[in-house]
Amino acid sequence: MTAHFDIVVIGGGIHGVGVAQAAAVRGYRIRLLEQGALASGTSSRSSKLIHGGLRYLESGQLRLVRESLLEREILLAIAPSLVERKAFHIPVYADSRRKPAYIATGLLLYRLLARGPYGSFQRIPARQWDTLDGLKTAGLKAVFRYYDAQTDDVALTEAVARSAEEFGAEIQTGTRVIGIERTTLGYEVRFVRNGSVESCLALTVVNATGPWVAQTLSRVSPAPPRLNHDLVQGAHIVTEGTLAQGVYYTEAPADGRAVFVMPWRGRVLTGTTETLYVGDPGRVAPTASEIAYLQEVLTTYFPGLSARVESSFAGLRVLLKTAQGLNARARGTVFLTDDPTPRLVSIFGGKLTDYRRTAEQVLARFRGVLPDRAPRVDTKRLVLPTR
Ligand SMILES: Cc1cc2nc3c(=O)[nH]c(=O)nc-3n(C[C@H](O)[C@H](O)[C@H](O)COP(=O)(O)OP(=O)(O)OC[C@H]3O[C@@H](n4cnc5c(N)ncnc54)[C@H](O)[C@@H]3O)c2cc1C
C-alpha cells in the first residue's frame, strides 16, 4: 500500500531537517528523503558561524541581520553544546579599505540590532595587540572586538533531525527523489532506495535541496515556475595552528572582500571565496586560485602560521540573479511556490543561522492546504538533543 504523508521534504540539509522538526512538533505526518547522508551538501561546507552577518550591513540587509541576531540568541539557548559564543576581531591597518570610524559605525548598528548584553564591542588597546594570536601589527591602527557565535554545522543538522524524529518525523537517508507528479490531492513522490523505485503520496512537498533546487524542480510534473539564480561557490582551507582569542575578520589583500580566519577543531579555518559555479552541485571543489587567495589572506595577517593546506572544501550558495555583484546580492531566503494555494514550496538560498525561522515560514505557506495545528512545543524553546 502506498504511504500517505501531510508533508514530504526532499533534502536533509539544515533547511530540510528544520522543516521536518517544525512539522513534527505540529503532529503532521512527515517524511524526509535525503539522497546521501544528512548534511552531505552545503550544510557541511559553511563557515560554521551563527551570526547576524556584520558584512550584510554594507549591502543594507538590516532586516536579515536583525532576524539572524534573534535566531543566534535562540540557538545559543536551545543548543548550548553546539553553538558557542565567540569573540570576533576586526583589525584595521593604515591601508585597509574600511577605516576605524566606518567599522565602529557598523558595530554600533550591529549592537542596536542585537539589543542584548552581547551586542557590546570594544577597541582593544595597542598594548594588548601582542596577545592576538600573532596577528600582524605592522601598520595596525585599531582592533575591534565584538561577539557572534560558531557551531558545528553537521552536528547541528543531525541534532535538529534527531529532534524531528523524537516528534515522529520519518527520516530516510540514501534515498534519491526522481519524480514529483501532481495528483488531485497533492503530489506523488517517486524515489530510489536500495536500488529499487518506490513512491509515496503527499498533500504537500518541500523542495529543500539547496544547490540542487533547480534540478529537483525539473523533476516536477507539470513543470512549476522557475526562478533565475546563480550557484556561487565558497571555499575554505584548513591549516595547522591555533587561534586562542577567537575569530578574525580580515580584508583580503587581493580585492578587499571580508574573509574569516577562525579556530576550528584545533586547526585554523580560513574562508570564504565567491566564484560563479556552473555544473553538477555534487562535484563542487575548491580551485587552485581560491586556495592561493585564502593562503594569501592567512599569511598576510598571520605571518607566523603555516599556510600548508591540510584539507579544503567548497559549498554552493543559491543567489537570485540580479544586476548586483556577487558580494552585494541579498542573502535572505526566497520561496517559490507552485500555486496561489501552494502544495509545493522550493527554498532558495538562506542561512544556517535562520533555519528555524525559515521552517516556520515554509509551513505558513501551507495554511490553505494543511489543517491548522498549534505546535506541541515552541521550537524557540525546544532544547536540541545531544548525542
Ligand atoms: C561557503 C558558504 C559558507 C556559508 N557560511 C554560513 C555561515 O557561516 N553561517 C550561516 O548561517 N550560513 C552560512 N551559509 C549558508 C548555509 O550554509 C546554507 O544556507 C545552508 O547550509 C543550506 O542548507 P540547505 O538545507 O538549503 O541545502 P543543503 O545543505 O545543500 O541540503 C540539500 C540536500 O538535498 C539533498 N538532495 C539533493 N537532491 C536530492 C534528491 N533528488 N533527492 C534527495 N535528496 C536530494 C542533498 O544531498 C543535500 O543534502 C554558507 C553557505 C556557503 C555556500
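Heavy atoms only: backbone and side chains are in, while hydrogens, waters and symmetry mates are out. Both ligands and their constituent atoms are indexed starting at 1 by order of listing.
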*Asks:* Checking side-chain polar atoms at under 3.5 Å, does Thr333 have a donor or acceptor matched by the opposite partner on Gln361?
*Replies:*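 Judged by distance alone, the side chains do not pair up.
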
*Asks:* What is the closest protein heavy atom to atom 21 (O) of ligand 1, and at what distance does it sit?
*Replies:*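 Answer, as residue, atom name and distance: Ser43 OG, 2.9 Å.
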
*Asks:* Counting each atom of ligand 1 from 1 as listed, which ones have a heavy atom of Thr272 under 4.0 Å away?
*Replies:*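 Answer, ordered by atom number: 1 (C).
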
*Asks:* Among Ile, Leu, Val, Met, Phe, Trp and Tyr joined by side-chain contacts under 4.5 Å, find the other residues sharing a cluster with Ile178 and list them by chain and number.
*Replies:*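 The other cluster members (ILVMFWY side chains, heavy atoms under 4.5 Å, direct or chained) are Val192, Val197.
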
*Asks:* Taking the side chain as everything from C-beta on, heavy atoms only, tell me whether Asn207 gets closer than 4.5 Å to Val345.
*Replies:*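 Of all side-chain heavy-atom pairs linking Val345 with Asn207, none is under 4.5 Å.
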
*Asks:* Quick one: ring pair (Phe, Tyr, Trp, His ring centres under 6.0 Å) pairs with a partner in residues 208-229, sequence neighbours left out?
*Replies:*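 Output for this query lists His229-Phe348.
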
*Asks:* I need the atoms of ligand 1 closer than 4.0 Å to a non-hydrogen atom of Leu33, numbered in the order shown.
*Replies:*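 Once the distances to Leu33 are compared, the set is 43 (C), 44 (N).
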
*Asks:* Where on Ile10 is there a heavy atom closer than 4.0 Å to ligand 1, on the side chain, on the backbone, on both, or on neither?
*Replies:*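 Side chain only; the backbone of Ile10 stays clear of ligand 1.
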
*Asks:* What part of Thr209, side chain, backbone, both or neither, has a heavy atom within less than 4.0 angstrom of ligand 1?
*Replies:*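 For Thr209, the contact with ligand 1 is made by both the backbone and the side chain.
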
*Asks:* Need the ligand 1 atom indices (1-based, order shown) with element for anything under 4.0 Å from a heavy-atom of Arg219.
*Replies:*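 Those atoms are 41 (N).
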
*Asks:* Of the protein's non-hydrogen atoms, which lies at the shortest distance from atom 27 (O) of ligand 1, and what is that distance?
*Replies:*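 Nearest neighbour among protein heavy atoms for atom 27 (O) of ligand 1, to 0.1 Å: Gly210 CA, 3.5 Å.
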
*Asks:* In ligand 1, which numbered atoms sit nearer than 4.0 Å to a non-hydrogen atom of Gly41?
*Replies:*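 Counting atoms of ligand 1 from 1, those under 4.0 Å from Gly41 are 29 (O), 30 (O), 49 (O).
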
*Asks:* Can you report which non-hydrogen protein atom sits closest to atom 26 (O) of ligand 1, along with the distance?
*Replies:*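 Looking at atom 26 (O) of ligand 1, the protein heavy atom closest to it is His15 ND1, 2.7 Å.
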
*Asks:* Atom 5 (N) of ligand 1: which protein heavy atom is closest, and how many Å away?
*Replies:*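 Checking every protein heavy atom, the shortest distance to atom 5 (N) of ligand 1 gives Ser47 N, 3.0 Å.
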
*Asks:* Which protein heavy atom lies closest to atom 16 (C) of ligand 1, and at what distance to 0.1 Å?
*Replies:*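 In this structure, atom 16 (C) of ligand 1 has Leu352 N, 3.6 Å as its nearest protein heavy atom.
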
*Asks:* Could you check whether any side-chain heavy atom of Phe88 comes within less than 4.5 Å of a side-chain heavy atom of Phe260, counting everything from C-beta outward?
*Replies:*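 When only atoms from C-beta onward are counted, Phe260 and Phe88 do touch, with a gap below 4.5 Å.
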
*Asks:* Tell me whether Arg367 at atom CZ has more than 12 heavy atoms from other residues, nucleotides or ligands lying less than 6.0 Å away.
*Replies:*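 12 or below, so no.
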
*Asks:* Identify, for atom 42 (N) of ligand 1, the protein heavy atom at the shortest distance, and state residue, atom and that distance.
*Replies:*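 The closest heavy atom on the protein side is Val177 N, 3.0 Å.
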
*Asks:* Give the atoms of ligand 1, by number and element, whose distance to some non-hydrogen atom of Lys48 is under 4.0 Å.
*Replies:*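 Counting atoms of ligand 1 from 1, those under 4.0 Å from Lys48 are 8 (O).
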
*Asks:* Under 4.0 Å, heavy-atom basis, I'd like to know which part of His51 is in contact with ligand 1: side chain, backbone, both or neither.
*Replies:*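 Contact part for His51 vs ligand 1: side chain (C-beta onward).
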
*Asks:* Show your reasoning for whether ring pair (Phe, Tyr, Trp, His ring centres under 6.0 Å) applies to Tyr110 and Phe121.
*Replies:* CA-CA 10 Å; Tyr110 207 60; Phe121 68 92; 9.7 Å; no

*Asks:* Any luck finding a side-chain donor-acceptor pair between Glu290 and Thr273 under 3.5 Å?
*Replies:*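 Yes - a donor-acceptor pair under 3.5 Å links their side chains.
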
*Asks:* Compute whether any side-chain donor of one residue and acceptor of the other, for Thr353 and His51, lie under 3.5 angstrom apart.
*Replies:*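 Looking only at side-chain atoms, His51 and Thr353 do not form any donor-acceptor pair under 3.5 Å.
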
*Asks:* Which atoms of ligand 1 sit under 4.0 Å from any heavy atom of Thr353?
*Replies:*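 In order of numbering, the contacting atoms are 10 (C), 11 (O).
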
*Asks:* Could you tell me if the side chain of Val189 sits less than 4.5 Å from the side chain of Leu33, heavy atoms only?
*Replies:*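 Yes, their side chains come closer than 4.5 Å.
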
*Asks:* With a heavy-atom distance limit of 4.0 Å, tell me whether Gln215 approaches ligand 1 through its side chain, its backbone, both, or neither.
*Replies:*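 For Gln215, there is no contact with ligand 1 at all, from either part.
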
*Asks:* Please report which non-hydrogen protein atom sits nearest to atom 48 (C) of ligand 1, along with the residue it belongs to and the distance in Å to one decimal place.
*Replies:*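 The closest one turns out to be Glu34 OE1, 3.4 Å.
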
*Asks:* Would you say the side chains of Tyr187 and Asp338 form a donor-acceptor pair under 3.5 Å?
*Replies:*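 Note: Tyr187 and Asp338 side chains meet the donor-acceptor criterion.
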
*Asks:* For Thr183 and Glu188, does a side-chain donor sit closer than 3.5 Å to a side-chain acceptor?
*Replies:*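 Not at all, the side chains of Thr183 and Glu188 share no donor-acceptor pair under 3.5 Å.
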
*Asks:* Starting from atom 18 (C) of ligand 1, locate the nearest protein heavy atom and write down its residue, its atom name and how far away it is, to 0.1 Å.
*Replies:*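 Ranking protein heavy atoms by distance from atom 18 (C) of ligand 1, first comes Gly350 O, 4.0 Å.
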
*Asks:* Out of curiosity, Leu70 CG to Glu67 CD, how far, rounded to the nearest 0.5 Å?
*Replies:*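 So the gap between those two atoms works out to 7.5 Å.
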
*Asks:* Between Asp354 and Ser68, is there a side-chain donor-acceptor contact under 3.5 Å, judged purely by atom types and distance?
*Replies:*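 Checked: Ser68/Asp354 side chains pair up, N/O donor to acceptor below 3.5 Å.
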
*Asks:* For ligand 1, does Ala208 get within less than 4.0 Å through its side chain, its backbone, both, or neither, judged by non-hydrogen atoms?
*Replies:*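 Answer for Ala208: backbone.
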
*Asks:* Looking only at N/O atoms, are Gln35 and ligand 1 under 3.5 Å apart anywhere?
*Replies:*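 Between Gln35 and ligand 1, an N or O pair is found under 3.5 Å apart.
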
*Asks:* Should one rank Ser46, Ala314, Gly179, Gly315 by closest heavy-atom distance to atom 6 (C) of ligand 1, which comes out on top?
*Replies:*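 Heavy atom nearest to atom 6 (C) of ligand 1 belongs to Ser46.
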
*Asks:* Which atoms from ligand 1 have a heavy atom of Ile14 less than 4.0 Å away?
*Replies:*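 Result: 20 (C), 21 (O), 23 (O), 25 (O).
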
*Asks:* Of the side chain and backbone of Thr175, name the one, both, or neither that has a heavy atom under 4.0 Å from an atom of ligand 1.
*Replies:*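 Looking at Thr175 and ligand 1, just backbone atoms fall under 4.0 Å.
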
*Asks:* Give the atoms of ligand 1, by number and element, whose distance to some non-hydrogen atom of Arg176 is under 4.0 Å.
*Replies:*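 Going through ligand 1 atom by atom, the ones under 4.0 Å from Arg176 are 41 (N), 42 (N).
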
